[in-house]
There are 2 protein chains.
Amino acid sequence: MAKTGDRARPAAEPALSALDFALDRGSPVPLYHQLAQQLEAAIQRGVLAPGNLLGNEVDLSVRLGLSRPTVRQAIQSLVDKGLLVRRRGVGTQVVHSRVRRPLELSSLYDDLEAAGQGPATLVVRHETVPASPGTAAALGLAEGEEVVLLERLRSTHGQPVALLCNYLPPGLLELDDDRLEATGLYRMMRSAGITLHSARQTVGARSATAQEAARLGEREGAALLTMERTAYDDTGRPVEFGTHIYRASRYSFDFQLLVRP
Amino acid sequence: MAKTGDRARPAAEPALSALDFALDRGSPVPLYHQLAQQLEAAIQRGVLAPGNLLGNEVDLSVRLGLSRPTVRQAIQSLVDKGLLVRRRGVGTQVVHSRVRRPLELSSLYDDLEAAGQGPATLVVRHETVPASPGTAAALGLAEGEEVVLLERLRSTHGQPVALLCNYLPPGLLELDDDRLEATGLYRMMRSAGITLHSARQTVGARSATAQEAARLGEREGAALLTMERTAYDDTGRPVEFGTHIYRASRYSFDFQLLVRP
DNA sequence: GAGTGGTCTAGACCACCTG
DNA sequence: AGGTGGTCTAGACCACTCC
């Protein structure tokens with residue numbers, strides 16, 4: 001009951017009944033996911049405005065013909081995404097968001113492509129070398145063991161942006177230079193059945209050496225953004241170690257953090 | 001045998017029965033959280049070694065006298081932390097070694113987390129100024145509206161590390177310089193009842209101006225790491241806009257990413 | 001006191017992986 | 001075929017917030 005009360009309150013009323021959620025029980029897509037998607041769409045479209053209360057979970061589950069845990073699971077996934085906030089004793093409301101994508105294990109290639117910058121990649125080196133101490137430690141190999149070294153120069157609009165140096169465990173992946181230049185390394189890994197799970201990154205800065213400056217089209221001593229990353233697949237096996245440098249004048253890392261209680 | 005094979009290994013036996021989980025139903029701490037904590041402790045202590053299967057959820061719930069959803073909730077929280085991996089039809093296993101230390105991604109707090117190393121803060125400026133266009137946009141205010149400007153120099157071991165420049169909405173917070181120097185801005189916000197929810201960050205690099213170099217003890221033109229951040233509370237209201245610069249020779253951002261399916 | 005989310009139970013069926 | 005996690009149900013009681 002109590003949902004017909006049409007009083008104008010400071011925190012706007014649901015108006016959620018206007019939304020018709022279409023749940024398909026025959027679909028392979030889980031019900032909670034269908035609901036989450038449609039809620040998210042409603043938020044993005046502005047049907048659910050920031051600050052709006054969502055209406056209580058019990059009513060919602062009854063109206064949708066779902067159990068409360070299922071509805072909760074849908075809501076929780078949006079809370080995890082930072083779109084909703086729950087307050088005990090109050091309700092669930094849409095966050096005032098300037099939200100952008102939460103930092104993903106970003107491949108530079110994907111970032112640039114998403115920005116519509118038509119990335120171009122040039123494979124500079126691609127050979128097998130003995131692992132340096134640092135590389136061996138990162139990849140969990142013995143020092144001097146062979147690793148695949150991959151060095152690429154990435155540009156947009158004809159201007160170099162980054163120099164990417166990657167080390168991969170031997171035999172991990174079939175690397176074809178042409179495909180590497182047409183797509184990104186992570187994309188190739190994914191299509192080779194390697195599912196990335198996590199990565200440890202260190203982002204810093206330093207001045208360009210003469211050689212780096214020449215390759216990137218900067219002046220010697222120019223500020224460079226550096227990133228070192230070790231990526232792991234879902235078994236915890238290291239699959240990539242990379243040291244990347246970016247022209248600070250043309251690139252920066254942009255991401256959103258969510259604070260988890 | 002060498003583990004150069006592509007397969008995830010057949011995986012060791014649980015040995016989980018050796019663990020005695022002590023669950024206190026009288027505690028205000030939720031059961032799933034108690035279980036998660038004890039599982040995590042077992043993993044950190046190495047009782048549950050990387051690659052170990054956890055034993056199936058049904059058995060586990062029976063042995064613990066919990067329902068399966070409760071056990072699942074505990075496991076899920078560790079999966080979210082990246083400590084465990086689930087595979088349908090296979091089981092739940094501990095992620096392999098290296099990935100473990102989450103090094104909490106909350107870059108948000110690392111000003112404070114570093115507190116273990118006795119950081120010192122000096123409030124350089126603390127006054128009310130009209131908002132610049134960029135500041136006004138970030139904080140959702142009108143240009144020229146008054147904001148609190150806070151400039152701090154942070155050092156460790158007697159060496160400057162960062163120059164922190166923050167802008168806060170007027171009247172948000174009572175700022176006492178002594179407390180600001182004794183603790184961090186975020187800690188003061190929290191104790192004032194402001195719960196941080198998310199932040200948007202941009203990390204880049206640039207060369208130090210003469211003035212910046214002098215303040216930070218670097219040479220002019222030295223590489224600096226820059227961060228620009230807008231932080232929001234749980235209603236989506238901007239509560240802080242900051243532009244920070246760090247000595248790249250003494251500071252870098254270090255974090256772990258998890259890939260969410 | 002009324003309403004909200006937070007937690008928990010005891011089942012059930014299904015999809016997937018491995019042998 | 002047997003075991004695993006993935007999903008879902010229909011209830012229950014509690015803790016918290018607000019009026």
Side-chain angles (χ1 to χ4, degrees), chain A residues 1-5 7 9-11 13-14 16 23-37 52-80 84-94 193 195 234-235 261, chain B residues 7-11 13-14 16 23-37 52-80 84-94 193 195 234-235 261:
Chain A
M1 55 174 67
K3 71 175 173 193
T4 45
R7 46 190 81 160
R9 310 187 106 193
E13 261 318 286
L16 200 92
L23 298 173
D24 176 9
R25 289 191 116 87
S27 162
V29 177
L31 292 171
Y32 75 87
H33 196 245
Q34 293 183 39
L35 176 54
Q37 283 178 321
N52 274 10
L53 286 173
L54 207 62
N56 78 64
E57 299 174 351
V58 180
D59 283 358
L60 194 53
S61 63
V62 170
R63 188 156 64 242
L64 296 173
L66 295 174
S67 70
R68 187 183 164 206
T70 301
V71 171
R72 272 184 68 81
Q73 194 173 359
I75 292 177
Q76 186 58 46
S77 71
L78 296 185
V79 170
D80 289 342
L84 297 177
V85 180
R86 292 203 234 237
R87 297 166 195 268
R88 188 185 284 204
V90 178
T92 303
Q93 50 183 313
V94 180
T195 58
D234 54 7
T235 71
Chain B
R7 313 286 293 163
R9 49 153 84 158
E13 263 318 289
L16 199 93
L23 299 173
D24 175 9
R25 288 192 119 85
S27 162
V29 178
L31 291 172
Y32 76 88
H33 196 246
Q34 293 183 38
L35 176 55
Q37 282 178 321
N52 274 10
L53 284 173
L54 207 61
N56 77 64
E57 298 172 351
V58 181
D59 284 358
L60 194 54
S61 63
V62 170
R63 189 156 64 242
L64 296 174
L66 296 174
S67 69
R68 187 183 165 205
T70 301
V71 171
R72 272 184 69 80
Q73 194 173 358
I75 292 177
Q76 186 59 45
S77 72
L78 297 184
V79 170
D80 289 342
L84 297 176
V85 180
R86 291 201 230 240
R87 296 163 192 273
R88 187 185 285 204
V90 178
T92 303
Q93 51 185 186
V94 180
T195 59
D234 55 7
T235 69

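The sequence lines fix the lettering, A, B, ..., with proteins before strands; numbering per chain opens at 1.
Taking V58(B) as the reference, N56(B), R68(B) meet the side-chain contact (heavy atoms from CB on, under 4.5 Å) condition, with sequence neighbours excluded. For V90(B), the side-chain contact (heavy atoms from CB on, under 4.5 Å) test picks out R87(B), with sequence neighbours left out. Among residues two or more places apart in sequence or in another chain, the side-chain contact (heavy atoms from CB on, under 4.5 Å) test is passed with R88(A) by none.
The shortest non-hydrogen separation linking L78(A) to A36(A) is CD1-O, 3.8 Å.
Here dT7(C) presents its P atom at 17 Å from CZ of R72(B), a figure rounded to the nearest Å. Taking atom CG of L64(B) as the reference point, atom P of dC8(C) lies 13 Å away to the nearest angstrom. The separation between E57(B) atom CD and dT4(D) atom P is 10 Å, rounded to whole Å. Rounded to whole angstrom, the span from the CD atom of Q34(B) across to the C1' atom of dT7(C) amounts to 12 Å. Separating the CZ atom of R87(A) from the P atom of dG6(C) is a distance of 12 Å, rounded to the nearest angstrom. Spacing between atom CD of Q76(A) and atom P of dC8(D) amounts to 16 Å, rounded to whole angstrom units. Separating the CG atom of L54(B) from the C1' atom of dT4(D) is a distance of 13 Å, rounded to the nearest angstrom. Atom CD in Q73(B) sits about 7 Å away from atom P in dC8(C), given to the nearest Å.
Taking only side-chain nitrogens and oxygens, R25(A) comes nearer than 4.0 Å to OP1 or OP2 of dT9(D). Side-chain nitrogen and oxygen atoms of T92(A) include at least one within less than 4.0 Å of the OP1 or OP2 phosphate oxygen of dG5(C). Of the side-chain N and O atoms in N56(B), none sit less than 4.0 angstrom from OP1 or OP2 of dG3(D). An OP1 or OP2 oxygen of dT4(D) is reached within less than 4.0 angstrom by no side-chain nitrogen or oxygen of R86(B). At least one side-chain nitrogen or oxygen of Y32(A) sits closer than 4.0 Å to the OP1 or OP2 atom of dT7(D).
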B/S/- contact track for nucleotides 10-18 of chain D, protein heavy atom under 4.0 Å: B-B--BBB-
What pairs of donor and acceptor atoms, side-chain ones from residues 23-32 of chain A against any protein atom, are under 3.5 angstrom apart with sequence neighbours left out?
{"unit_1": "D24(A)", "atom_1": "OD1", "unit_2": "G26(A)", "atom_2": "N", "d": "2.8"}
{"unit_1": "D24(A)", "atom_1": "OD1", "unit_2": "S27(A)", "atom_2": "N", "d": "3.4"}
{"unit_1": "S27(A)", "atom_1": "OG", "unit_2": "V29(A)", "atom_2": "N", "d": "2.8"}

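Screening residues 70-79 of chain A for side-chain hydrogen bond (donor to acceptor under 3.5 Å, both in side chains) gives E57(A)-R72(A), S67(A)-T70(A), Q76(A)-D80(A), Q76(A)-R86(A) as the qualifying pairs, with residues at least two apart or on separate chains.
The structure places CG of L84(A) at 7.0 Å from OG1 of T92(A), a figure rounded to the nearest 0.5 Å.
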